[in-house]
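Note that this is a predicted model, so its numbers are computed, not measured. Just the heavy atoms: all of them, side chains too, but no hydrogens, waters or symmetry mates, feed the values below.
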Amino acid sequence: LGFDACVDYKTGSLHADLEAAAPKGIDVCFENVGGEVFDTVLRLMNPFSRITMCGLVSQYNATEPYAMKNLRSILVNRIRMQGFIVSDRMELWPRAKAELAGWLTAGRLRYRETVAQGLEAAPAAFIGMLKGQNFGKQLVKLI
């Protein structure tokens, strides 16, 4: 997909794999997973780095919230962290949509989809997405 590195959080060696992928540490994190993955990333954040929190998908079905262990990193590394919800900046949507469409047409964006067939497949597709069984965007084709 054109990444410099890719880390599979399911291998059991998340910290070592992240450290190998980012040997100089992490300056910017666009966080949408939360839980253990985010807690591990916090260990590798550089001083004066930034975190944009846009989701916590690992916690959506959790019966107990994940107990963060590395919040101290935010303090000692003076990390700037802010939540972000896409609807906060809807005035930018028309421009963003036009730019993204142009990049897609020009072949500058690459993507993958997992497509489930029929409405009856939607519940299993949704549960599979939460379990990480899809590759790319999970879609349900209705027609």
Side-chain angles (χ1 to χ4, degrees), residues 1-11 14-15 17-143:
L1 297 175
F3 297 113
D4 293 329
C6 182
V7 173
D8 182 352
Y9 68 96
K10 297 176 187 176
T11 64
L14 181 60
H15 182 263
D17 293 347
L18 281 172
E19 200 168 38
K24 295 180 181 177
I26 298 171
D27 292 315
V28 177
C29 172
F30 189 85
E31 181 58 47
N32 59 8
V33 176
E36 183 179 359
V37 173
F38 179 47
D39 209 23
T40 304
V41 167
L42 280 174
R43 292 174 60 190
L44 299 169
M45 296 298 292
N46 287 327
F48 304 102
S49 55
R50 299 174 314 276
I51 300 168
T52 298
M53 175 73 68
C54 73
L56 297 167
V57 71
S58 71
Q59 301 300 289
Y60 291 168
N61 289 327
T63 56
E64 292 287 326
Y66 178 83
M68 298 292 289
K69 299 174 184 86
N70 296 306
L71 284 176
R72 182 176 183 270
S73 180
I74 295 171
L75 173 63
V76 299
N77 288 310
R78 284 88 68 213
I79 298 170
R80 182 178 301 159
M81 183 168 140
Q82 182 171 348
F84 171 77
I85 298 175
V86 70
S87 60
D88 290 342
R89 300 298 306 269
M90 289 306 292
E91 75 277 7
L92 298 175
W93 181 245
R95 186 176 99 208
K97 188 175 172 185
E99 286 183 23
L100 289 166
W103 295 344
L104 186 61
T105 301
R108 292 181 59 201
L109 294 179
R110 291 183 254 172
Y111 64 94
R112 298 289 188 272
E113 300 171 335
T114 298
V115 181
Q117 300 295 324
L119 187 58
E120 65 281 354
F126 181 71
I127 291 167
M129 184 227 11
L130 292 174
K131 292 180 176 180
Q133 295 172 343
N134 60 302
F135 186 74
K137 185 65 130 180
Q138 177 65 62
L139 301 173
V140 176
K141 186 172 184 178
L142 300 178
I143 297 175

Legend entry - Closest approach of Val115 to Lys141 (non-hydrogen atoms, all atoms of both residues): CG1-CB, 3.8 Å
Legend entry - Minimum heavy-atom distance between Ser49 and Ile26, given as atom pair plus value: CB-O, 3.6 Å
Inset, instruction - For Arg78 and Val76, indicate whether the former's side chain and the latter's backbone hold a donor-acceptor pair under 3.5 Å. - result: yes
Legend entry - Separation of Asn77 CG from Arg72 CZ (nearest 0.5 Å): 9.0 Å
Inset, instruction - For residues Glu19 and Leu44, report the shortest heavy-atom separation together with the two atoms involved. - result: N-CD1, 3.8 Å
Legend entry - Nearest-0.5 Å distance that lies between atom OG1 in Thr40 and atom CG in Leu14: 4.5 Å
Legend entry - Check: Asn70 main-chain N/O paired with Ser73 side-chain donor or acceptor under 3.5 Å: no
Legend entry - From CZ (Arg43) to CG (Leu18), nearest 0.5 Å: 10.0 Å
Legend entry - Whether over 12 other heavy atoms sit under 6.0 Å from Glu99 CD: yes
Inset, instruction - Please assess Leu104 against Tyr111 for the test side chain to side chain contact (heavy atoms under 4.5 Å, CB included), listing each intermediate value before the final yes or no. - result: CA-CA 9 Å; Leu104 186 61; Tyr111 64 94; 3.6 Å; yes
Legend entry - Approximate separation, where rounding is to 0.5 Å, of Cys29 SG and Asn46 CG: 12.0 Å
Legend entry - Charged N-O contact under 4.0 Å between Arg89 and Glu91: yes
Inset, instruction - Give a yes or no answer on whether the side chain of Ser58 reaches the backbone of Val33 with a donor-acceptor pair at less than 3.5 Å. - result: yes
Inset, instruction - Taking Thr114 for its side chain and Phe135 for its backbone only, find out whether a donor-acceptor pair lies under 3.5 Å. - result: yes
Inset, instruction - First locate atom CD of Gln138, then atom CG of Leu130, and finally report the distance between them rounded to the nearest 0.5 Å. - result: 10.0 Å
Legend entry - Exercise: identify the closest heavy-atom pair between Glu64 and Gln59: O-OE1, 4.3 Å
Inset, instruction - Please report the closest heavy-atom contact between Asp39 and Tyr66, naming both atoms and the distance. - result: OD2-OH, 3.0 Å
Legend entry - Heavy-atom pair with the smallest gap, counting every atom of Ile51 and Phe38: CD1-CE1, 3.8 Å
Legend entry - Spacing of Asp27 atom CG and Ile79 atom CD1 [to the nearest 0.5 Å]: 10.5 Å
Inset, instruction - For side chain to side chain contact (heavy atoms under 4.5 Å, CB included), just list the numbers for Asn32 and Val57, CA-CA rounded to whole Å, side-chain angles, deciding distance to a tenth of an Å, and then say yes or no. - result: CA-CA 6 Å; Asn32 59 8; Val57 71; 5.6 Å; no
